Amino acid sequence: MKEVKHFINGEFVGSASGKLFDNINPATGEKIGIVHEAGAPEVDAAVNAARAAMQGDWGRMPLAERANLLHKLADGITARFDEFLEAECLDTGKPQKLACHIDIPRGAANFKIFADVVKNVPTESFMLDTPDGQGALNYSVRKPKGVIAVISPWNLPLLLMTWKVGPALACGNAVVVKPSEETPFTTTLLGEVMNEVGIPKGVYNVVHGFGPNSAGEFLTRHKGVDGITFTGETGTGAAIMKAAADDITDISFELGGKNPALVFADCDMDKAVEGTLRSAFANCGQVCLGTERVYVEREIYDTFVERLKSGAEALKMGQWDDPETDMGPLISEEHRSKVLSYYRKAEEEGATVVTGGSTPEMPDGLAGGAWVQPTIWTDLPDDADCVREEIFGPCCHIRPFDSEDEAIALANDTDYGLATAIWTENSSRAHRVAAQVDAGIAWVNSWFLRDLRTPFGGSKQSGIGREGGVHSLEFYTELKNVCIKL
Ligand SMILES: NC(=O)c1ccc[n+]([C@@H]2O[C@H](COP(=O)([O-])OP(=O)(O)OC[C@H]3O[C@@H](n4cnc5c(N)ncnc54)[C@H](O)[C@@H]3O)[C@@H](O)[C@H]2O)c1
Ligand SMILES: O=C/C=C/C=C(\O)C(=O)O
């Protein structure tokens with residue numbers, strides 16, 4: 001049984017209140033950890049430690065040295081790859097063959113990419129004509145924003161946390177991270193690596209707990225916080241926005257989605273089926289960029305439905321460390337209840353259940369886990385809750401369309417605007433459709449292909465701001481203009 005403490009000012013410490021909560025392995029339902037729940041005192045200590053780090057060695061550290069330390073940090077994660085892999089898979093239930101290609105390598109790469117971005121990003125200057133003819137020189141400089149609150153989700157715990165901590169530290173900030181109560185392990189393990197590579201104490205702090213009236217809310221309402229970066233549900237984002245309003249604290253949000261895939265008759269069917277299988281069922285459907293709405297051109301609709309059904313039914317569910325496992329469980333019993341409530345609602349709303357729709361028979365050792373069947377529906381109305389609301393499980397609805405304009409209209413008929421996948425071998429159509437779908441990220445003949453230099457984020461109820469490459473600097477720095485009269 002692992003005891004999980006907070007990481008504050010370079011040390012692992014417990015909660016003054018003594019409050020603890022269980023950490024459950026979602027694949028088995030077994031208790032695998034006991035976690036300290038932070039109260040206001042721990043959050044206060046973490047924010048104060050971050051502030052002190054900004055005023056100490058870290059705040060004075062030259063850029064090149066800071067960037068070099070972040071490269072060492074990435075190497076430190078890689079050196080302990082298997083520990084991070086096991087911790088992440090025990091916490092989430094996800095299969096090792098997913099985490100060893102996505103979660104852990106990206107968890108490390110996020111530090112390298114931003115260490116390199118900050119070393120190479122220019123700032124602007126302007127010469128201003130003045131009446132006396134001498135002119136004035138304007139130049140901009142980027143300064144760290146300060147103490148950043150990082151609130152991260154449970155679906156890709158390490159990756160999505162370092163996607164924020166990487167640029168935050170690269171820009172010279174200090175952070176207080178509140179990982180999801182479902183997945184405390186890898187964020188805490190990173191504290192050990194921070195000490196190993198020599199990141200000054202107080203630069204990276206971790207407090208555990210929940211949202212409302214717990215560590216999350218204490219952190220987002222803390223007056224010592226200069227910015228809040230959050231990834232999670234849209235409703236939570238609204239609550240955090242309200243908390244931030246009192247002190248006009250800057251926010252960066254990566255929120256929910258109800259992403260469409262558009263499959264045209266001129267697609268490469270093998271690619272479209274393989275890509276949609278991944279986008280619908282990877283990580284047990286718990287990926288914000290995942291596909292829950294599939295629109296298929298009518299002439300290939302029956303074939304596509306049949307092929308996606310076959311692919312879904314071939315997915316193997318099992319233990320994280322079984323190399324044959326394609327899909328793990330949902331993150332928790334609570335989330336499984338939510339997903340199963342949509343499985344029931346789909347049938348009430350008139351769905352044809354092409355495959356799935358219930359819970360699978362699992363072997364004894366896994367019978368206590370949060371398992372659900374990969375599920376495909378057809379024949380739902382466009383206004384069905386299962387077509388409009390984010391379910392965040394291994395399920396999708398397939399609907400035919402008859403024209404490109406109809407496909408685009410269907411794709412855009414949503415409150416979200418995060419991602420889309422477009423399957424067509426016609427390059428003019430690819431560019432034309434990608435330009436018209438209201439989404440922050442449009443993939444063509446691919447999905448989750450990530451260039452970390454590119455802008456990442458969503459519109460409407462999918463988020464505020466963009467992360468990635470130089471775009472992250474807009475949130476993690478304050479841009480100052482200096483005007484020198486010559
Ligand atoms: N856009 C993206 O990049 C992206 C990426 C991953 C997940 N998500 C979204 O996240 C959701 C799933 O993750 P989740 O269930 O962890 O989300 P969630 O909103 O329930 O929780 C996310 C984090 O916020 C904390 N939190 C909850 N209420 C809070 C409050 N009032 N104040 C401060 N902190 C609070 C939680 O403890 C957790 O650490 C899905 O909606 C998914 O679409 C979006
Ligand atoms: O569940 C959402 C996944 C988000 C992925 C990223 O933010 C990324 O790849 O940088």
Side-chain angles (χ1 to χ4, degrees), residues 21 37-38 43 92 94 102-103 105-107 109-110 113-114 149-164 166-167 177-184 187 206-222 225 228-244 251-259 279 282-290 292 330-332 334-335 338 389-393 416-419 439-441 447-469 471-472:
F21 60 94
E37 181 181 356
V43 171
T92 59
K94 68 176 71 188
I102 300 286
D103 299 73
R106 271 292 309 284
N110 287 341
I113 183 76
F114 290 106
V150 177
I151 311 272
S152 47
W154 45 254
N155 61 326
L156 298 104
L158 183 67
L159 184 163
L160 289 174
M161 180 270 295
T162 68
W163 181 238
K164 299 170 178 303
V177 182
K178 208 296 288 174
S180 172
E181 54 278 20
E182 305 286 359
T183 53
T187 301
V206 179
V207 291
H208 295 290
F210 304 86
N213 198 34
S214 186
E217 186 170 1
F218 298 152
L219 184 57
T220 53
R221 289 187 178 279
H222 198 289
V225 163
I228 302 166
T229 178
F230 165 71
T231 295
E233 286 185 9
T234 297
T236 306
I240 292 173
M241 206 166 185
K242 292 188 182 94
I251 53 156
S252 168
F253 281 174
E254 301 289 354
L255 304 177
K258 190 70 176 181
N259 308 309
S279 68
N283 207 40
C284 198
Q286 301 165 124
V287 182
C288 61
L289 302 161
E292 293 192 4
L330 293 167
I331 190 64
S332 67
E334 180 189 1
H335 188 53
K338 171 186 169 185
E389 297 171 10
E390 179 184 60
I391 300 170
F392 218 53
Y416 295 100
L418 186 54
I441 304 140
W447 177 75
F448 209 69
L449 196 53
R450 292 279 295 113
D451 180 331
L452 307 186
R453 298 165 296 181
T454 57
F456 181 99
S459 56
K460 299 195 278 188
Q461 297 202 11
S462 288
I464 295 174
R466 292 294 183 270
E467 294 179 300
H471 309 283
S472 294

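Start at 1 and go down the list; that is how both ligands and their atoms are numbered. Computed from a prediction, not measured in an experiment: that's the story for all the values here.
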Any salt bridge between Lys258 and Glu390, counting N to O under 4.0 Å? no
Reported CD1-to-NE2 distance for the pair Ile391 and His335, which is rounded to 0.5 angstrom: 9.5 Å
Select the closest option to atom 34 (N) of ligand 1 among Ser214, Pro184, Gly216, Gly457, judged by heavy-atom distance. Gly216
Heavy atoms only: give me the nearest Leu255-Leu418 pair and the separation to one decimal. O-CD2, 4.1 Å
Check Leu160 against ligand 1 and report side chain, backbone, both or neither, counting heavy atoms closer than 4.0 Å. side chain
So is Gly463 in contact with ligand 1, going by heavy-atom distances below 4.0 Å? no
Taking the minimum heavy-atom distance to atom 2 (C) of ligand 1, which of Gly235, Gly232, Pro212, Cys288 ranks first? Cys288
How far does OG1 of Thr183 sit from NZ of Lys94, to the nearest 0.5 angstrom? 9.0 Å
Test item: Leu289 and Ser279 side chains (from C-beta on) under 4.5 Å apart, heavy atoms: no
Tell me which protein heavy atom sits closest to atom 40 (C) of ligand 1, plus the residue, atom name and distance to 0.1 Å. Glu390 OE1, 3.4 Å
Taking distance alone, with no angle check, do Glu233 and ligand 1 share an N/O pair under 3.5 Å? yes
Heavy-atom contacts with Ile151 under 4.0 Å: which atoms of ligand 1 show up? List them by number with element. 23 (C), 24 (O), 25 (C), 34 (N), 39 (O)
Quick check on atom 21 (O) of ligand 1 - does any protein heavy atom sit closer than 4.0 Å to it? no
Do me a favour and list the nearest non-hydrogen protein atom to atom 12 (C) of ligand 1 with residue, atom name and distance? Phe392 CE2, 3.5 Å
Show the nearest heavy-atom pair for residues Glu254 and Gly458, with the distance to one decimal. OE1-N, 4.2 Å
Which of the atoms in ligand 1, numbered in the order shown and given with their element, are less than 4.0 Å from a heavy-atom of Ser180? 38 (C), 39 (O)
The closest protein heavy-atom partner of atom 15 (O) of ligand 1 is Trp154 NE1, 2.6 Å
Glu181 and Phe21: which non-hydrogen atoms are nearest, and at how many Å? O-CE1, 3.5 Å
Considering non-hydrogen atoms of the protein only, which is the closest contact for atom 35 (C) of ligand 1, and what is the distance? Gly211 CA, 3.5 Å
Heavy-atom contacts with Lys178 under 4.0 Å: which atoms of ligand 1 show up? List them by number with element. 36 (C), 37 (O), 38 (C), 39 (O)
When you check the side-chain N and O atoms of Lys164 and Ser152, is any donor under 3.5 Å from an acceptor? no
For atom 38 (C) of ligand 1, what's the nearest protein heavy atom and its distance? Ser152 O, 3.5 Å
Geometric N/O contact Glu181 with ligand 1, under 3.5 angstrom: yes
May I ask you to check whether Phe392 and Trp154 place their ring centres under 6.0 Å from each other? yes
Which atoms form the tightest heavy-atom contact between Gly468 and Trp163, and what is the distance? CA-CH2, 3.5 Å
At less than 4.0 angstrom from any non-hydrogen atom of Ile240, what atoms of ligand 1 do you find? 32 (N), 33 (C), 34 (N)
What are the atoms of ligand 1, with element, lying closer than 4.0 Å to any heavy atom of Phe230? 19 (O), 22 (C), 23 (C), 24 (O)
For Pro179, the atoms of ligand 1 under 4.0 Å from one of its heavy atoms are 39 (O)
Proximal protein residues to ligand 2, non-hydrogen atoms under 4.0 angstrom: Arg106, Asn155, Leu156, Leu159, Leu160, Trp163, Val287, Cys288, Leu289, Phe448, Arg450, Phe456
Which distance, rounded to the nearest 0.5 Å, do you find between the CG of Asn283 and the CG of Asn155? 6.0 Å
Evaluate Thr236 for polar contact with ligand 1, using N/O atom pairs at a separation under 3.5 Å. yes
Interatomic spacing from CD in Glu217 to CD1 in Ile151 - rounded to 0.5 Å: 10.5 Å
Numbered atoms of ligand 1 (with element) below 4.0 Å of Asn155, judged on heavy atoms: 6 (C), 7 (C)
Rounded at 0.5 Å granularity, tell me how far CZ in Phe230 sits from CG in Leu219. 12.0 Å
With heavy atoms of Leu255 as the reference, note each atom of ligand 1 found under 4.0 Å away. 1 (N), 2 (C), 4 (C), 8 (N), 43 (O), 44 (C)
Between atom OG of Ser180 and atom NZ of Lys178, what is the distance when rounded to the nearest 0.5 Å? 5.5 Å
What are the two closest non-hydrogen atoms of Glu292 and Gly393, and how far apart are they? OE2-N, 3.8 Å
Judging by distance only, is a nitrogen or oxygen of Phe456 under 3.5 angstrom from one on ligand 1? no
Please give me the minimum heavy-atom distance between Tyr416 and Gly256, naming the atom from each residue. CD2-O, 3.3 Å
side-chain contact (heavy atoms from CB on, under 4.5 Å), that's the test. Do Phe253 and Ile240 meet it? Break it down for me. CA-CA 10 Å; Phe253 281 174; Ile240 292 173; 4.0 Å; yes
What protein heavy atom lies closest to atom 13 (O) of ligand 1? Include the residue and the distance to one decimal. Pro153 CB, 3.6 Å
Which of these, Leu158, Leu156, Val287, sits in a side-chain contact (heavy atoms from CB on, under 4.5 Å) with Ile102? Leu156
Less than 3.5 Å between some nitrogen or oxygen of Thr231 and one of ligand 1, yes or no? no
